[in-house]
Amino acid sequence: MACPERLKKRAEFLAAAKGRRQHQRCFTMQARRRSEAQGDAPRFGFTVTKKTGNSVIRNRIRRRFREIVRLHAAGDARPGMDYVLVGRIDALTAGFDDLRREFLSALHKIHSAERKPDR
RNA sequence: CCAGUCGGCCGGACAGCCGCCGUCGAAAGAUGGAGGAAAGUCCGGGCUCCACGGAGAAACGGCGCCGGAUAACGUCCGGCGGGGGCGACCCCAGGGAAAGCGCCACAGAAAGCAAACCGCUUUUCGCCAAGGAUUCUCCUUGGCUAGGAGUAAGGGUGAAAGGGUGCGGUAAGAGCGCACCGCGUUGGCGGUAACGUCGGCGGCACGGCAAGCCCCGCCGGGAGCAAAACCGAAUAGGGACGACAGGAGCAAUCCACCCCUUCUCCGGGGCGUCGUCCGGGUUGGUUGCACGAGGCCUCCAGCAAUGGAGGUCCCAGAUGAAUGGCUGUCACGCGCCGCAAGGCGCCAUACAGAACCCGGCUUACAGGCCGACUGGCGCU
RNA sequence: UGGGGCGUCGCCAAGUGGUAAGGCAGCGGAUUUUGAUUCCGCCAUCCGUAGGUUCGAAUCCUGCCGCCCCAG
């Protein structure tokens with residue numbers, strides 16, 4: 001499972017946008033629990049609006065997000081979750097290690113917030 | 001060496017590790033993987049479906065010097081004419097204004113039928129003044145008013161004023177006459193042509209704007225790969241209310257009305273129609289889809305655009321949409337530090353990412369390379 | 001992908017070949033003890049931008065830039 005599943009439908013994005021949000025310098029992470037079953041893989045989606053820049057900039061931000069997700073999805077993401085990364089312009093210029101740190105931090109904060117209402 | 005003009009080209013290179021998409025393969029793996037503009041979507045085609053039939057007319061849109069190239073073009077090439085530049089060279093939607101309509105503000109006497117006005121010249125009558133001859137009166141000169149005739153030189157303007165400059169001519173003037181320039185017309189010569197050139201004739205009339213309407217010539221059916229075809233799934237040709245429902249026939253049905261086919265005629269097709277409300281379903285896959293007006297090399301024809309022949313190559317195919325992340329070495333540029341060697345930095349580089357495919361146009365672009373040419377300066 | 005429209009002062013806007021109305025806001029002044037109201041004056045000249053046509057362009061034509069809307 002090197003490449004995790006992707007969100008593809010507009011309705012899935014809208015549903016994720018209603019979940020928890022965690023803002024970072026380079027992106028905003030939106031997350032929603034899709035199902036309680038442990039067998040369901042986590043899924044990711046990316047959003048970069050046209051306001052951010054031209055197609056080269058948007059594609060590059062999306063590709064950097066994909067690389068981050070590829071490296072960390074298996075270990076750090078929770079099964080049954082849908083994540084959406086909304087890119088900002090800083091995601092283009094930030095160092096890759098910084099981007100990675102922000103991603104892990106956002107995951108951690110979302111998960112700890114998720115745990116509280118459950119228990 | 002400096003300044004400049006034109007044309008063409010490149011637009012990081014080589015590796016390693018981890019990944020992504022396609023193709024081949026049972027697998028391991030092998031192999032291919034963004035551009036000169038892929039962009040804007042401004043033109044022209046291919047392709048697909050619809051109308052697809054016949055005839056005609058009109059409307060609308062586009063184009064517009066000439067010749068050539070091309071599948072076609074609003075593109076390209078070579079000329080012509082006009083304008084700009086010392087020059088290399090650059091720019092131009094560049095048909096028609098004696099078919100018609102319209103416009104030409106302000107200023108100006110007048111802005112489009114060419115005359116009127118102010119003036120200028122001359123003449124007649126009358127009046128006034130001066131001078132001369134002198135009996136009334138007459139003559140000369142000057143001025144004023146009115147009338148007649150001749151004029152278009154001049155009239156602060158204006159973008160533009162019924163050719164321009166000069167000489168002659170005249171009462172004053174005037175193409176009235178002459179020379180040159182311009183214009184019109186006609187003939188010869190050169191050129192496929194646009195056009196050029198030479199000569200004759202005409203004394204000159206014919207202002208500008210058609211990127212105002214328009215006229216002439218040429219071209220154009222509509223929509224677009226979310227086109228379209230196939231497979232599969234699902235739902236079924238729904239229900240309620242209101243309005244309008246002509247004619248023939250016992251009836252099935254047919255015709256009319258209406259709708260579609262740009263318009264009209266013939267022809268063809270659809271059918272109860274329209275409005276409001278309620279309810280239900282599909283939003284998967286494959287093909288289209290990458291061998292093409294294709295790339296590269298050589299030769300030939302042509303000034304060139306381009307065309308022909310031979311050889312050789314197969315070179316992205318995604319669909320929430322594949323090229324990314326990290327690292328090393330080197331080239332180039334810029335900045336900082338340093339006397340220098342060198343070091344450090346710029347996520348180590350502009351504009352920018354294929355979406356059915358081609359030919360163009362337009363726009364964006366860090367830095368660099370090559371060639372041809374022009375004007376200066378210096379040296380030999 | 002195809003089609004339509006817009007861009008004029010800080011804001012809303014008129015002007016469709018002859019030198020850019022009007023309103024709101026702002027600034028200055030008058031009236032008023034002060035304020036409000038009222039009145040007067042000022043406020044574009046790079047009409048989104050670059051060219052062209054014309055004697056003359058916000059207006060006509062062409063290319064760009066930005067924004068909005070519609071259909072699938």
Side-chain angles (χ1 to χ4, degrees):
Chain A
M1 203 204 66
C3 180
E5 265 188 75
R6 301 277 298 277
L7 300 181
K8 293 189 175 179
K9 298 280 169 60
R10 175 170 168 80
E12 296 170 349
F13 279 86
L14 291 177
K18 288 181 178 155
R20 306 198 169 275
R21 289 162 183 251
Q22 183 59 47
H23 298 280
Q24 299 286 334
R25 191 166 61 89
C26 297
F27 56 86
T28 295
M29 178 179 279
Q30 302 168 336
R32 184 183 72 104
R33 176 157 293 279
R34 174 165 40 95
S35 77
E36 295 292 333
Q38 287 295 308
D40 285 351
R43 300 193 305 178
F44 285 89
F46 309 114
T47 297
V48 187
T49 64
K50 271 191 181 174
K51 209 183 282 184
T52 309
N54 60 22
S55 53
V56 175
I57 292 173
R58 297 199 304 271
N59 271 331
R60 196 169 176 84
I61 291 173
R62 180 170 45 76
R63 283 166 180 161
R64 304 190 90 195
F65 286 165
R66 278 202 341 179
E67 183 68 15
I68 294 278
V69 167
R70 187 181 69 82
L71 292 173
H72 294 283
D76 300 293
R78 295 285 172 83
M81 293 287 286
D82 281 350
Y83 302 95
V84 170
L85 293 176
V86 181
R88 305 174 65 174
I89 190 64
D90 288 328
L92 186 70
T93 53
F96 194 74
D97 289 335
D98 295 340
L99 203 59
R100 182 185 307 200
R101 224 172 288 124
E102 285 191 15
F103 177 77
L104 293 176
S105 159
L107 271 186
H108 178 74
K109 287 179 180 172
I110 291 231
H111 291 159
S112 58
E114 166 91 359
R115 197 175 297 117
K116 283 174 191 166
D118 287 0
R119 307 286 150 93

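These numbers were taken from a predicted model, which means no experiment stands behind them. Chain naming here is simple, since letters A, B, ... match the order of the sequence lines and numbering starts at 1 in each.
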ask   = Now, which nucleotide makes the Watson-Crick or G-U wobble pair with B:U312, with each of the two distances under 3.5 Å?
value = B:G295

message = Count I, L, V, M, F, W, Y as connected when their side-chain heavy atoms are under 4.5 Å apart, and connections chain through other members. Are A:Val56 and A:Leu92 then in the same cluster?
response = no

message = Could you check B:U261 for me: syn (within 90° of 0) or anti?
response = anti

List, with names and distances, any nitrogen or oxygen atoms from the protein found under 3.5 Å away from nitrogen or oxygen atoms belonging to nucleotides 324-327 of chain B.
unit_1: B:G324; atom_1: N2; unit_2: A:Glu67; atom_2: OE1; d: 3.4
unit_1: B:G324; atom_1: N2; unit_2: A:Glu67; atom_2: OE2; d: 3.4
unit_1: B:G325; atom_1: OP1; unit_2: A:Arg60; atom_2: NH2; d: 3.0

Atom-to-atom span, CG of A:Leu85 to C1' of B:G320 - whole angstrom = 14 Å

key: Distance between C1' atoms of B:A38 and B:U363 (Å, rounded)   = 15 Å

message = Rounding to an integer number of angstrom, what distance separates B:U157 and B:A110 when you compare their P atoms?
response = 15 Å

query = Under a 3.5 Å cut-off for both distances, is B:C117 Watson-Crick or wobble paired, and to whom?
reply = B:G155

remark   = Contacts of A:Thr47 and A:Ile57 projected onto RNA chain B by closest heavy atom; the upstream (5') one is A:Thr47

query = B:C379 pairs with which nucleotide, Watson-Crick or G-U wobble, both distances below 3.5 Å?
reply = none

key: C1'-based separation of B:A114 from B:G81 [nearest Å]   = 35 Å

message = Rounding to an integer number of angstrom, what distance separates B:G270 and B:U253 when you compare their P atoms?
response = 15 Å

query = Within this structure, what is the CZ-to-C1' distance between A:Phe65 and B:C20, rounded to whole angstrom?
reply = 18 Å

note = For A:His23 and A:Thr28, the nearest pair of non-hydrogen atoms, with its separation, is ND1-OG1, 3.1 Å

ask   = How close do A:Phe65 and A:Cys26 get, heavy atom to heavy atom, and via which atoms?
value = CZ-O, 4.3 Å

Same-atom distance (P) from B:U235 to B:G281, integer angstrom = 9 Å

remark   = Residues A:Phe27 and A:Gly87: closest non-hydrogen pair is CB-CA, 4.3 Å

inquiry  = Using atom C1' in both nucleotides, what's the gap between B:U286 and B:G242 to the nearest angstrom?
reply    = 49 Å

remark   = By the Watson-Crick or G-U definition, both distances under 3.5 Å, C:G7 is matched with C:C65

inquiry  = From CG of A:Asp90 over to P of B:C347, roughly how many Å is that when rounded to an integer?
reply    = 15 Å

request  = Round to a whole Å and report the spacing from CG of A:Asn59 to P of B:A318.
outcome  = 16 Å

message = Mind checking if A:Leu92 touches a base, just sugar-phosphate, or nothing, with heavy atoms under 4.0 Å?
response = base

remark   = In whole angstroms, the gap separating C1' of B:A38 from CZ of A:Arg58 amounts to 15 Å

key: Electrostatic pair A:Arg64-A:Glu67, nearest N-O below 4.0 angstrom   = no

B:U264: pairing nucleotide in any strand, Watson-Crick or G-U under 3.5 angstrom = B:A55

Complementary nucleotide for B:C189 - Watson-Crick or wobble, under 3.5 Å = B:G196

inquiry  = Between P on C:C65 and CG on A:Asn54, what's the gap in Å once rounded to a whole number?
reply    = 13 Å

remark   = Any strand, both distances under 3.5 Å, Watson-Crick or G-U wobble: B:G100 pairs with B:C213

ask   = In the structure shown, which nucleotide is the Watson-Crick or G-U wobble counterpart of B:C330, with both distances under 3.5 Å?
value = B:G12

